[in-house]
Amino acid sequence: MLDSYWATNLARRTVRLFLIKLQIVLTIFVSSLSAQTFTILHTFAGDDGSSPYSGVTVDGAGNLYGTTKYGGMTGCDLGCGVLFKLAPQGSGWSFVPLYKFAGPSDGKSPIARIVFGPDGRLYGTTLLGGNSTVNGGTLFTLTPPPTVCRVSCYWVKTTLWLFGQNDGDGLRPGYGDLVFDAAGDIYGTTEEGGTTQPLCGPGCGTVYMLSRSQGSWSETLLYQFGHGPGYHPYAGVDFGGNGNLYGTTPYGGSADWGLAYELSHSNGSWSPTILYNFSPQSGGMPSAGLLPDNAGDLYGATSTAVGGGGAVFELSPLGLGWTFQLLHSFDSLAHPFANLAMDATGNLYGTTLSGGRFERGNVFKLTRTGDSWAYSSLYDFTGGSDGGSPYGGVALDAAGNLYGTAASGGSETGQCLITNGCGVVWQIKP
């Protein structure tokens, strides 16, 4: 009887694995039929990185740059995180680890993208590490090695700022991208820190600027959340054409479902304005930031709504205020997490952390035709070898190809078994 029981269960497991693999093949096949070709560019294995929570950055030559929260050095439980590059090579892609974080003072757990500054260097943040007292995270820059390497060499990382080194400083820069002004100053957000508030414990978060003078960097806090509505920003800020900064918080606002805000610069100070208070009806708790277009409109995504799913929206200036337009509502299982991207014709692209046909997230497109928007799913993740749970957003190259990451799935051996797969980097060709 026992042998029969195990034989029956083994047969069931074999059939289940076959069906999962068949789903992946059919998903890729259907994507190809709809003129979308989905390709895995790299599958993480742990030592080279694990759990890419951010998307990738594309340079002019088509190279991709990204981060993984775990993997690499063993000084942390699952590794302290990796910075990597993927370069086109013939018909494939070459993976190069640029830097492996070593732990506390060096920083650990990068969950935001690395981005290019106006000086051509890469810049990024780590969620944790740095100041050993508060574990508040770091901001760093990355440059190629000074000499040509015969074999793979790590790039040179320079820490520019340790969050929490001053009283009232921001703590734990989260998922948001860094942005730069014409002078090379750096702008970003932290999820915690600032003035201690009863509502938030270690602080409700900040918007900060780092400026360089005579070879050293200094920080200016532009805004400390908790002094007004909104707190714990997940996303960063972005510049509008008017030079003001725009962002979101997933908490606070009149309904405590988050808000969209503007920071206006005048006479050396920054003043906050609430653009929109999210609600259960409109969708809320936005973890994604705001994407400005050339006309001054702002695009974003909320994580959830009354029915459970998120939404894509547009905010447009009208007189002294702003109007809210709902562009698309997702089903109850689909939750956008990352910033949207826009192509040259004004179409929007994004990812959902969950939902899709297999409930492991998807890549979507909103096509603009006049004043209407048409939704299409470009790829539905299965959570198998093709990845799942894409926390990061979409990046586009000059040819219109889409790139991104999935935080889980892929390889499920060794360390990757603990994290339900170490994740993948993917490409979608139109």
Side-chain angles (χ1 to χ4, degrees), residues 174-176 189 191-192 197-200 204-207 223-238 240 244-264 271-293 295-340 342 348 350-355 361-362 364 366 368 371-373 375 391 393:
Y175 299 93
T189 64
E191 293 183 16
E192 299 177 356
Q197 300 286 330
L199 178 69
C200 306
C204 296
T206 69
V207 181
Y223 186 68
Q224 300 181 62
F225 294 97
H227 291 285
Y231 53 99
H232 292 328
Y234 283 4
V237 289
D238 205 350
N244 294 336
L245 293 169
Y246 297 90
T248 64
T249 67
Y251 309 108
S254 58
D256 202 21
W257 273 61
L259 56 81
Y261 65 88
E262 174 185 39
L263 288 177
S264 305
S271 303
T273 302
I274 297 176
L275 306 183
Y276 188 76
N277 287 290
F278 294 101
S279 68
Q281 290 71 36
S282 66
M285 298 185 179
S287 54
L290 296 174
L291 172 67
D293 69 7
D297 300 318
L298 306 172
Y299 299 87
T302 59
S303 297
T304 189
V306 169
V312 176
F313 64 86
E314 176 184 5
L315 290 171
S316 301
L318 181 64
L320 298 177
W322 291 75
T323 61
F324 175 90
Q325 181 183 358
L326 186 65
L327 305 184
H328 179 75
S329 293
F330 294 92
D331 63 39
S332 61
L333 296 175
H335 303 283
F337 189 87
N339 286 12
L340 301 171
M342 180 179 285
L348 296 172
T351 61
T352 63
L353 180 59
S354 55
N362 79 330
F364 66 86
L366 285 173
R368 186 172 197 165
D371 293 330
S372 64
W373 296 80
Y375 170 87
Y391 278 86

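Note that the numbering runs from 1 along the sequence shown for the chain.
Taking each heavy atom of Pro233 and Cys204 in turn, the nearest pair found is CD-O, 3.6 Å. The two atoms that bring Ala235 and Asn339 nearest to each other are CB-OD1, 4.3 Å, heavy atoms only. Nearest heavy-atom pair, Ala338 versus Thr351, reported as atom, atom and distance to 0.1 Å: CB-OG1, 4.4 Å. Minimum interatomic distance between Leu340 and Gly350 (heavy atoms only, all atoms of both residues): CD2-CA, 4.3 Å. Shortest non-hydrogen contact noted between Asp256 and Gly252 is OD1-N, 2.9 Å. Counting all heavy atoms, side chain and backbone alike, Asn244 lies closest to Ser264 at OD1-CA, 3.4 Å.
Contact check for Tyr299 versus Leu327: side-chain heavy atoms found under the 4.5 Å cut-off. The shortest distance between side-chain heavy atoms of Thr248 and Leu259 does not fall below 4.5 Å. In this structure, Leu298 and Trp322 have side chains that are in contact, with non-hydrogen atoms separated by less than 4.5 Å. Residues Thr273 and Tyr261 have side chains not in contact (no heavy-atom distance under 4.5 Å, counting atoms from C-beta outward). Contact annotation: the side chain of Phe225 approaches that of Val207 to within less than 4.5 Å [non-hydrogen atoms, C-beta and beyond]. When side chains are defined from C-beta on, Trp373 does not count as touching Val312, because their heavy atoms never get closer than 4.5 Å.
Going from atom CG of Leu333 over to atom CG of Asn362 covers 11.5 Å, rounded to the nearest 0.5 Å. Atom OG1 of Thr249 is separated from atom CD1 of Ile274 by 8.5 Å, given to the nearest 0.5 angstrom.
Ring-centre distance between Phe278 and Phe313: below the 6.0 Å cut-off.
Applying the side-chain contact (heavy atoms from CB on, under 4.5 Å) criterion to Ala334, with sequence neighbours excluded, gives Phe330, Asp331, Thr352. Under the side chain to side chain donor-acceptor pair (under 3.5 Å) criterion, Ser316 pairs with Asp297, Glu314, sequence neighbours left out. Partners of Tyr391 according to the side chain to side chain donor-acceptor pair (under 3.5 Å) rule, which considers only residues two or more places apart in sequence or in another chain, do not exist here. Qualifying ring-ring contact (aromatic ring centres under 6.0 Å, His included) partners for Tyr231, counting only residues two or more places apart in sequence or in other chains: Tyr251. With sequence neighbours left out, the side-chain contact (heavy atoms from CB on, under 4.5 Å) criterion links Ser332 to no other residue. Contacts of Ala311 classified as side-chain contact (heavy atoms from CB on, under 4.5 Å), with partners at least two apart in sequence or in another chain: Thr302, Leu326, Ser329. Remark: Glu191 engages Tyr175, Tyr234 in a side-chain contact (heavy atoms from CB on, under 4.5 Å) (not counting sequence neighbours).
Checked against Tyr223 for a side-chain contact (heavy atoms from CB on, under 4.5 Å), the options Thr206, Val237, Leu263 give a single hit: Leu263. Residue Tyr246 forms a side-chain contact (heavy atoms from CB on, under 4.5 Å) with just one option from Leu275, Asp238, Leu291, and that option is Leu275.
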For residues 282-289, please give each side-chain donor-acceptor pair under 3.5 Å, one per line with the distance, not counting sequence neighbours.
unit_1, atom_1, unit_2, atom_2, d
Ser282, OG, Ser279, N, 3.1
Ser282, OG, Ser279, O, 3.4
Ser282, OG, Ser279, OG, 3.3
Ser287, OG, Ser303, OG, 3.2
Ser287, OG, Phe337, O, 2.9

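Side chain of His335 to backbone of Gly308: a donor-acceptor contact under 3.5 angstrom is found.
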